[in-house]
Amino acid sequence: MATATYSFTRGVDYPSIVATSEKVAWTVEEIFRDRSFDATKNIIPDSWVRTQHLTFLNEEEQRALNHLRAFSYVHLFGDYEEFIPIHLTELAQQDWHGERAHLRALLRFGEEETKHQQLFRRAEAVLEASYGYACGRYFDKDRLAAFTQATLAYPPLARALILLALEWGSQRHYVDSVRSRTGDSNDPLYVDLLKYHWIEENQHTKTGVLEIAQLACKQSPEMLSAAFDDIQGIGGLVDETFVGQVEQELKTFQSVTGRILTESESTALREALCRSMRAIWAEVSLTHPNFKQVAVELSREGAAKLGIG
Ligand SMILES: [Fe+2]
Ligand SMILES: [Fe+2]
């Protein structure tokens, strides 16, 4: 089998992915039940917000930013996952009558992502109910459709790679939230949400590497290198959503705190929020050691375009 030529697929196979996926499956209701978030405390790690150096903000304002970023994370993640079931169905169609476990792995993966969207939508609603106010959303139906179509316009290998990076990023989000969970920070329900999401993403990374190996083994070194230009292209689309959601955070922040920021304060806050948005999504994902290994093995030249070497 051609996939055996890549070391990153070693020990990974579809039947065990399906078996684990069946064993660890959860429902959104099991996670939430009647639980809510504790809005008197921080919800997520400070490292997801990175505004602590802005001394013009008081403690209450810093907490509001923490709450807004907790909302932005679930809002963006739910919408980023919209393209995945379509992407996977396209992959499944290439070999619909092939190995049953392969087909089941792809279809379960797609179904789980649809469930994750339900998880994130529920989290949006419960966060707002816990805060007692509505949070600004970058994505509406039209923006979501446009973003999804633009992502799907890229070739399957680039899509599969960016998806893999995002999934390994979600592992780091969970691990960081547990590691920095002390007294007053990181809400237990939010940590559960990250945990259960990662439990299923863990299988997706395995299916992901197998799919990547199958797509990559048919491509020339030039095409493999070009896939990394496409990753940067998709990265540009994602970056627009960071900037758009930060504007929403700023708007909600000013309306719920009543704080009128001066022009220089507003610029400094916008910059800090954009920086942390890029750090928690792009940097965390693209610098994950497992992703780096896959990237380098596929194309040293391509990986270098992402600063991986
Ligand atoms: Fe997911
Ligand atoms: Fe996933």
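For ligands, and for the atoms within them, numbers begin at 1 and follow the listed sequence. Keep in mind that what you see is a predicted model, and the values were worked out from it rather than measured.
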Has [X] got an N/O/S atom less than 2.8 Å from the Fe ion (ligand 1)?
X      : result
Glu113 : yes
Glu81  : yes
His204 : no

In this structure, is the centre-to-centre distance between the rings of Phe147 and Tyr80 below 6.0 Å?
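Close enough - the centres of the two rings lie under 6.0 Å apart.
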
- Identify, by name, the N, O or S atom of Glu167 lying closest to the Fe ion (ligand 2).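 The atom in question is OE2.
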
- Query: Which atom, counting only N, O or S, brings His116 closest to the Fe ion (ligand 1)?
  - Reply: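 Nearest N/O/S atom of His116: ND1.
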
Q) Which atom, among the N/O/S set of Glu201, is closest to the Fe ion (ligand 1)? A)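 Of all N, O or S atoms in Glu201, the Fe ion (ligand 1) lies closest to OE2.
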
*Given the rule in the side-chain contact (heavy atoms from CB on, under 4.5 Å) test, do Arg259 and Phe253 qualify, once you have shown the distances and angles that lead to the verdict?*
CA-CA 8 Å; Arg259 173 78 192 256; Phe253 171 78; 4.3 Å; yes

Can you find a heavy atom in the side chain of Gln293 that is under 4.5 Å from one in the side chain of Ser7?
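Yes, close enough: below the 4.5 Å cut-off.
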
task = Could you walk me through whether Thr262 and Phe56 pass the side-chain contact (heavy atoms from CB on, under 4.5 Å) test, one step at a time?
result = CA-CA 10 Å; Thr262 66; Phe56 59 82; over 6 Å; no

*Answer yes or no: is there an ion pair linking Glu283 with Arg278, defined by an N-O contact shorter than 4.0 Å?*
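Judged by the 4.0 Å cut-off on N to carboxylate O distance, Glu283 and Arg278 do not form a salt bridge.
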
